[in-house]
Amino acid sequence: MTDDPTRPSGPFRLGDRVQLTGPKARLHTITLREGGELHTHHGVLKHEQLVGQPDGSVVANSGGHEYLALRPLLRDFVMSMPRGAAIVYPKDAAQILAEADIFPGATVVEAGVGSGALSLWLLRAIGAEGRLVSFERREDFAAVAKANVETFTGGVPDNWDVVVGDLAEDLPHTVAAASVDRVVLDMLAPWECIDVVADALTPGGVVVCYVATATQLSRVAEYIRATGLFTEPDANETMVRGWHVEGLAVRPDHRMIAHTGFLVWARRLAPGAVPPEVKRRASKSSYGDEDVELWTPGAVGDRQITDKNLRKRVREAERAAEGARLASGRPGDADDADGTEHPERTA
C-alpha cells in the first residue's frame, strides 16, 4: 500500500474514481465523496462503505445486491469519459505508443488534443521526466481535455502544456528547432503541418499521423515522401476481435472493434541526408493530372448516354416486354402488338 494520492492502487480514498460491476454485469463509475450514495432500483450503496477497502473488494447495497469495486483502468476511463471530440481508441493508442516508440523522458508534441484520451496515454508513457505539448484549435475541446486529464491523474501534470492555436503557426514559437523526439498528428489534414514538424523534430525523431480515410492516408504518405526529409513512410490499421471463452464454448465474439483509423509514420533524416534509393518493381508510385484523368467516370466505363441512344434502348425494352406478353398468351396482349387501342383498359 502507498500514501501517494496519484498512484492508482491501495485502499480506496475520497476523491477516487471507482468502477462498480453490479447485477447483470452493469457498470457504474462513481467518484467517492463524503456523504455520497449510489442509488439504483436495486437499492442504495453508500460511498463510505468503499473508503478504506482494497481494490477488488465486493460490497453489498441496502437491498443485498453485491457490487465488485475496482479502480477503472486507463482504457476503461477513456471509453467512458466526457467527450468534446471523438477519442483515439485504446487499440490505436497502444499502436501509436509502439510505432512512435514513446519512451520515458521524451519530448512529445501532439495535435489535436481532442478530449484528452491520447494525452493520457502519452503522459503515462513519457513519465515525470518527459514533456508533452498538446495543440488544439478549439478552446472548448482543450477545456474538456484538461478536465479529463485532471480527473484521472488527480491534477494537471506539470510537464503538460496545452496550446490553444494552430500547430502550423504556433509550433515554431513553442519549441526549439530539432528539439522534439516524437510528434503525433490526429487531425483532418496532417500534411499541412509536415514542414514545421520536420523543423521541430530531432534527427531520427518519429512523426505519426492518425487519419480516418484511405484518401487522407494516401495524401499524407505522398506528402511525407515528397519532402525528402523523412524515411519511407509505413502505414497500417489495427482491428481487435474478442473471443468468447467459456468451457468448450470457444468462438469469436459476434461484435468487434474494426476500422477506426489508419496510422502512417516515418523518421526524420539528418539535415542534408539522402537515403539510399529503394528499388521497386516498375510502377507509378505518384500521380499527376494525367493519372486523375484515368479515374474519371468516362475512363472507367461510366459514360453518359445520348438521348438518341436512350430512345433506342427504350424501344428495345418495350419490344422485349411485348414479346413477353405474347409468349405468356395473356388475353388481348396480341392486339397490343399491332397498336390496337383497348378502351376497356384504364390506367
Side-chain angles (χ1 to χ4, degrees), residues 1-63 65-94 96-97 110 113-128 130 132 134 136 140-160 162 242 257:
M1 294 188 295
T2 177
D3 294 329
D4 183 358
T6 64
R7 186 176 177 84
S9 62
F12 292 125
R13 304 170 291 255
L14 292 176
D16 282 350
R17 288 180 67 82
V18 179
Q19 184 173 273
L20 299 171
T21 305
K24 299 182 179 180
R26 183 169 183 179
L27 296 178
H28 302 273
T29 302
I30 62 174
T31 300
L32 297 182
R33 65 182 190 277
E34 190 171 356
E37 297 178 339
L38 171 66
H39 290 258
T40 71
H41 60 280
H42 293 295
V44 178
L45 177 67
K46 296 181 181 296
H47 290 195
E48 63 187 32
Q49 295 175 243
L50 294 166
V51 175
Q53 296 292 326
D55 242 330
S57 297
V58 176
V59 294
N61 68 1
S62 61
H65 294 274
E66 294 184 333
Y67 289 82
L68 171 64
L70 288 163
R71 284 187 176 85
L73 301 176
L74 180 51
R75 62 178 174 84
D76 300 321
F77 178 79
V78 299
M79 294 301 293
S80 62
M81 69 186 190
R83 302 182 187 181
I87 66 167
V88 174
Y89 273 71
K91 70 181 183 69
D92 295 318
I96 289 172
L97 297 183
E110 69 159 335
V113 67
S115 298
L118 183 59
S119 303
L120 283 164
W121 292 104
L122 293 172
L123 286 166
R124 173 171 286 183
I126 64 176
L132 175 63
S134 302
E136 175 55 55
D140 50 354
F141 285 1
V144 171
K146 288 180 181 179
N148 285 330
V149 170
E150 184 174 3
T151 298
F152 188 78
T153 63
V156 178
D158 295 333
N159 60 340
W160 184 40
V162 180
I257 303 175

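Residue indices begin at 1 and follow the sequence shown.
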query = At what distance, to the nearest 0.5 angstrom, does NZ of Lys146 lie from CH2 of Trp160?
reply = 7.5 Å
task = May I have the step-by-step check of side-chain contact (heavy atoms from CB on, under 4.5 Å) for Met81 and Thr151, ending in yes or no?
result = CA-CA 9 Å; Met81 69 186 190; Thr151 298; over 6 Å; no
request  = Measure the shortest side-chain to side-chain distance between Gln19 and Leu27 over non-hydrogen atoms and say whether it is less than 4.5 angstrom.
outcome  = yes
query = Between Ala85 and Gly114, which heavy-atom pair has the shortest distance, and what is it?
reply = CB-CA, 4.1 Å
key: Counterpart residues, salt bridge (Lys or Arg N to Asp or Glu O under 4.0 Å), relative to Glu150 (two or more places apart)   = none
key: By side-chain contact (heavy atoms from CB on, under 4.5 Å) - contacts of Asn159 (at least two apart)   = Leu123, Ile126, Pro157
Side-chain donor or acceptor of Asp140 paired with backbone N/O of Gly84 under 3.5 Å = no
message = Could you measure the distance from the CG atom of Leu118 to the CG atom of Asp92? Nearest 0.5 Å is fine.
response = 9.5 Å
request  = Could you note down all residue pairs passing ring pair (Phe, Tyr, Trp, His ring centres under 6.0 Å) where residues 16-38 supplies at least one of them, sequence neighbours left out?
outcome  = none
ask   = Within the side chain of Glu136, is there an N or O that forms a donor-acceptor pair under 3.5 Å with the backbone of Val113?
value = yes
remark   = Those residues at least two apart in sequence (or on a different chain) that pass ring-ring contact (aromatic ring centres under 6.0 Å, His included) with His42 are His65
ask   = Taking all non-hydrogen atoms of both residues, which atom of Arg13 and which atom of Leu32 are closest, and how far apart?
value = O-CD1, 3.5 Å
task = Quick one: list whatever passes side-chain contact (heavy atoms from CB on, under 4.5 Å) with Leu74, sequence neighbours left out.
result = Val78, Leu120, Trp121, Arg124, Phe152
note = Sorted by chain and number, sequence neighbours left out, side-chain contact (heavy atoms from CB on, under 4.5 Å) with Thr31 holds for Arg17
task = Just jot down the side-chain contact (heavy atoms from CB on, under 4.5 Å) partners of Arg83, sequence neighbours excluded, or say none.
result = Met79, Ile87, Ser115
query = Does Arg71 use its side chain to pair, donor to acceptor, with the backbone of Gly10 at less than 3.5 Å?
reply = yes
key: Partner residues of Asn148 under the side chain to side chain donor-acceptor pair (under 3.5 Å) criterion, sequence neighbours left out   = none
remark   = In terms of heavy-atom contacts, Val149 and Gly116 come closest through CG2-O, 4.2 Å
query = What is the distance from atom CD of Gln49 to atom OG of Ser57, rounded to the nearest 0.5 Å?
reply = 11.5 Å
remark   = Rounded to the nearest 0.5 angstrom, the CG-CD distance for Leu14 and Glu34 is 6.5 Å
inquiry  = Just to verify, what does Lys46 make a salt bridge (Lys or Arg N to Asp or Glu O under 4.0 Å) with, not counting sequence neighbours?
reply    = Glu37
Euclidean distance, Tyr67 OH relative to Arg26 CZ, rounded to 0.5 Å = 9.0 Å
ask   = Passes side-chain contact (heavy atoms from CB on, under 4.5 Å), Leu38 versus Asn61? Steps please.
value = CA-CA 9 Å; Leu38 171 66; Asn61 68 1; over 6 Å; no
query = Do you know which two heavy atoms are closest between Ala93 and Val88, and how far apart they sit?
reply = N-CG1, 3.7 Å
task = Assess whether atom CZ of Phe12 is packed by more than 12 heavy atoms of other residues, nucleotides or ligands within 6.0 Å.
result = yes
ask   = Going through the distances and angles, do Ile30 and Leu50 end up as a side-chain contact (heavy atoms from CB on, under 4.5 Å)?
value = CA-CA 11 Å; Ile30 62 174; Leu50 294 166; 4.1 Å; yes
query = If you take all heavy atoms of Ala125 and Leu97, which pair is closest and at what distance?
reply = CB-CD2, 4.1 Å
remark   = Scanning both residues in full, the closest heavy-atom pair of Val162 with Ala142 reads CG1-CB, 4.0 Å
task = Kindly write out the residues that satisfy salt bridge (Lys or Arg N to Asp or Glu O under 4.0 Å) with Asp76, not counting sequence neighbours, or none if the list is empty.
result = none
ask   = How many angstroms lie between atom CG of Leu45 and atom OG1 of Thr40, to the nearest 0.5 angstrom?
value = 8.5 Å
